[in-house]
There are 2 protein chains.
Amino acid sequence: MPPKKITHIRREEIVQAALQVIGEKGVHGLTITEIAGRAGMSDANIYRHFKGKQEILGALGDFIGEAVMGKAAGIAAGQGTAVEKLKIIFLAHAALIAANPGLPRFMFSEEIHLGDPHLAKTIAGKMAGYIETLSNVIAAGINDGEFRPLSPRETAITLLGMIQFTALRWSITRGAFNLDGEAGHLWDNFLRLTQTSSSPMPAETNPMGSV
Amino acid sequence: MPPKKITHIRREEIVQAALQVIGEKGVHGLTITEIAGRAGMSDANIYRHFKGKQEILGALGDFIGEAVMGKAAGIAAGQGTAVEKLKIIFLAHAALIAANPGLPRFMFSEEIHLGDPHLAKTIAGKMAGYIETLSNVIAAGINDGEFRPLSPRETAITLLGMIQFTALRWSITRGAFNLDGEAGHLWDNFLRLTQTSSSPMPAETNPMGSV
DNA sequence: CTGTAATGTAAATGAGCATTCACATTACAG
DNA sequence: CTGTAATGTGAATGCTCATTTACATTACAG
């Protein structure tokens, strides 16, 4: 009865539907029925385009990897100072999470890490690449005198930890605070931590009570 | 047939068994059968001591809250400089995670955050208290001139992010690196970031390839 | 001793979910 | 047009898992 679509299109629709479902109900709540409903098709039709749920998760991993890590790598390879690049990467990542809550839910999901070992390894590799990208930018910034002398790798991990922990609190509190704003405060403080010239401490920033 | 035990003992055994199961199989792999097997009893007997799985998760949340946040609060209230306290809290937290992989798995689990709203709120509250505790220590350190002028709250979040992200990478890679050692490197770098007097940069530290 | 409340178990029960099956319908090559 | 490969669907199928039920056994108060 319904019109047909070629599998290339259907795969994209399914992956995007899955990302949305994860954003709302978590990877735990990601069922074939949910995906199918969101994508506007029957459960069985999912299997015309994917071998199974695992393959959907794999495709989603690739998509997210490109959206987050790929984008960061592009920015890192482009023009600008190290501080500028890092800021763009950091804030863009936060904005991407704010627009797609399913993104951190997927990346940090137990089902992913403890499920299919191949997928877990792929994700771990992407994460390692991300750390590497940031480390290189930071190392360049240290060379140029933009940053104080730091360990690039540890500093990169610190930066990613800020994002992840904030995404987590945002997720737990079900969006009780403004993620972009919070990311801005964290970035300002990070700059004060890392930059060569010490600057005066601005007014206290706590726009969200607690948590 | 088997000897009996009073419910007070049984509840502890069940909670500890649950923590172990989560450490090995994640919250996703936490089934009543797994808990019962680990605790050496039948599935049905679990229900003599807990109303259901949710109540076990609640008890586990209380236990973990006491083990991590409670301990940190005790250290914060004790003797020593701000730097000393923070270091002890940070490294003790890492050591606790290394000994109990189920701990971060539980805290960061989707099932917890998206499951029972009451439990989610409890966990969020404990996390907010933890941030508050660290913020106060950092603020005191700033006052005493131990730390540069920073935003205490954002710095506390940065510190917790370091722990969480490291725990995550450790979890994904299934313990591929030494968690305590990694925590040590991160702490050293954090000190360099925050302390008043700038110190020389030690040799590069990357004991684990990548990820 | 004795009875009874607490503790323990094996075997249902019932719900949710991934996957498969048997059978349409569409679109397009020829 | 026509046949056929790709898409599409509702209805099984079979598995896992939380929870309940019906029936022992233990420990202890009296």
Side-chain angles (χ1 to χ4, degrees), chain A residues 1-22 24-61 106 109-112 114-116 118-119, chain B residues 1-22 24-61 106 109-112 114-116 118-119:
Chain A
M1 194 74 88
K4 291 189 178 185
K5 294 182 183 176
I6 58 178
T7 199
H8 170 257
I9 303 289
R10 278 306 199 195
R11 284 179 66 99
E12 275 187 19
E13 290 177 346
I14 291 169
V15 168
Q16 290 303 313
L19 184 56
Q20 279 183 35
V21 172
I22 292 175
E24 289 174 24
K25 312 200 170 182
V27 178
H28 176 69
L30 183 75
T31 67
I32 294 294
T33 301
E34 280 285 339
I35 298 174
R38 184 85 42 147
M41 67 182 75
S42 67
D43 291 20
N45 197 28
I46 297 277
Y47 293 88
R48 292 275 177 229
H49 307 291
F50 287 95
K51 189 179 175 185
K53 199 177 173 183
Q54 278 304 316
E55 195 181 313
I56 298 175
L57 291 177
L60 189 51
F106 177 89
S109 156
E110 206 176 58
E111 272 92 341
I112 306 300
L114 297 179
D116 177 32
H118 181 263
L119 178 56
Chain B
M1 193 75 87
K4 291 190 178 183
K5 294 183 183 177
I6 58 180
T7 198
H8 171 257
I9 303 287
R10 279 306 199 195
R11 283 180 67 98
E12 275 187 19
E13 289 177 347
I14 290 169
V15 168
Q16 290 302 313
L19 183 56
Q20 279 184 34
V21 172
I22 291 175
E24 288 174 24
K25 312 198 169 184
V27 178
H28 176 68
L30 183 75
T31 66
I32 295 294
T33 302
E34 280 285 340
I35 298 174
R38 183 85 41 149
M41 67 183 75
S42 68
D43 290 21
N45 196 28
I46 297 279
Y47 293 88
R48 291 275 179 231
H49 307 290
F50 287 96
K51 188 179 175 185
K53 199 177 171 183
Q54 278 304 318
E55 194 180 313
I56 297 175
L57 292 176
L60 189 50
F106 177 88
S109 156
E110 206 176 57
E111 272 93 341
I112 305 301
L114 298 179
D116 177 32
H118 181 263
L119 179 55

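Just so it is clear, the values below take in all heavy atoms, side chains as well, and ignore hydrogens, waters and symmetry mates. Labels below follow one simple rule: chain letters A, B, ... track the order of the sequence lines, proteins then strands, and each chain is numbered from 1.
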Taking a pair to mean Watson-Crick or G-U wobble geometry with both distances below 3.5 Å, C/dT7 pairs with D/dA24
By the 4.0 Å heavy-atom rule, please label B/T31 as base, sugar-phosphate, or nothing.
sugar-phosphate
Could you check how far CZ of A/R48 sits from C1' of C/dA24, rounded to whole Å?
11 Å
Run the salt-bridge test on B/R38 and B/E24 with the 4.0 Å N-O cut-off and return the result as yes or no.
yes
Taking the side chain as every heavy atom from C-beta outward, state whether A/H49 and A/E12 have any pair of such atoms under 4.5 Å apart.
no
Among D/dT7, D/dT9, D/dT19, which is the nearest nucleotide to the side chain of A/A44?
D/dT9
B/E55 atom CD is separated from D/dA18 atom C1', nearest whole Å, by 14 Å
Mapping B/M41 and A/Y47 to their closest nucleotides on DNA chain C, which lands nearer the 5' end?
B/M41
Quick one: closest heavy-atom pair of A/H28 and B/E110, and the distance?
N-OE1, 2.8 Å
Can you measure A/I32 atom CD1 to C/dG16 atom P for me and round it to whole angstrom units?
17 Å
Provide, to the nearest angstrom, the distance between the CG atom belonging to B/D43 and the P atom belonging to D/dT21.
16 Å
d(NE2, B/H8; P, D/dA27) in whole Å:
19 Å
Tell me what B/I56 touches on the nucleic acid: a base, only sugar-phosphate, or nothing, going by heavy atoms under 4.0 Å.
nothing
For B/I14 and D/dA18, give me the distance from atom CD1 to atom P, rounded to whole Å.
14 Å
Would you mind classifying the nucleic acid contact of A/I9 as base, sugar-phosphate or nothing, using non-hydrogen atoms under 4.0 angstrom?
nothing
Under 4.0 angstrom between B/R10 side-chain N/O and C/dG8 OP1 or OP2
yes
Phosphate-side-chain proximity, B/N45 and C/dT7, N/O vs OP1/OP2 below 4.0 Å
no
Determine whether B/I35 and B/I56 make a side-chain contact, defined as any pair of heavy atoms from C-beta on separated by less than 4.5 Å.
yes
Apply side-chain contact (heavy atoms from CB on, under 4.5 Å) to A/F106 and A/L30, showing your working.
CA-CA 11 Å; A/F106 177 89; A/L30 183 75; over 6 Å; no
What is the distance from NZ of A/K51 to P of C/dT20, rounded to the nearest Å?
9 Å
Pair assignment for C/dC1, Watson-Crick or G-U wobble, requiring both distances under 3.5 Å:
D/dG30
Given atom CZ of A/F50 and atom P of D/dG8, what is their separation to the nearest angstrom?
13 Å
Reckon A/H49 has a side-chain N or O less than 4.0 Å from the OP1 or OP2 of D/dG8?
yes
Any strand: nucleotide that pairs with D/dT9 via Watson-Crick or wobble, under 3.5 Å:
C/dA22
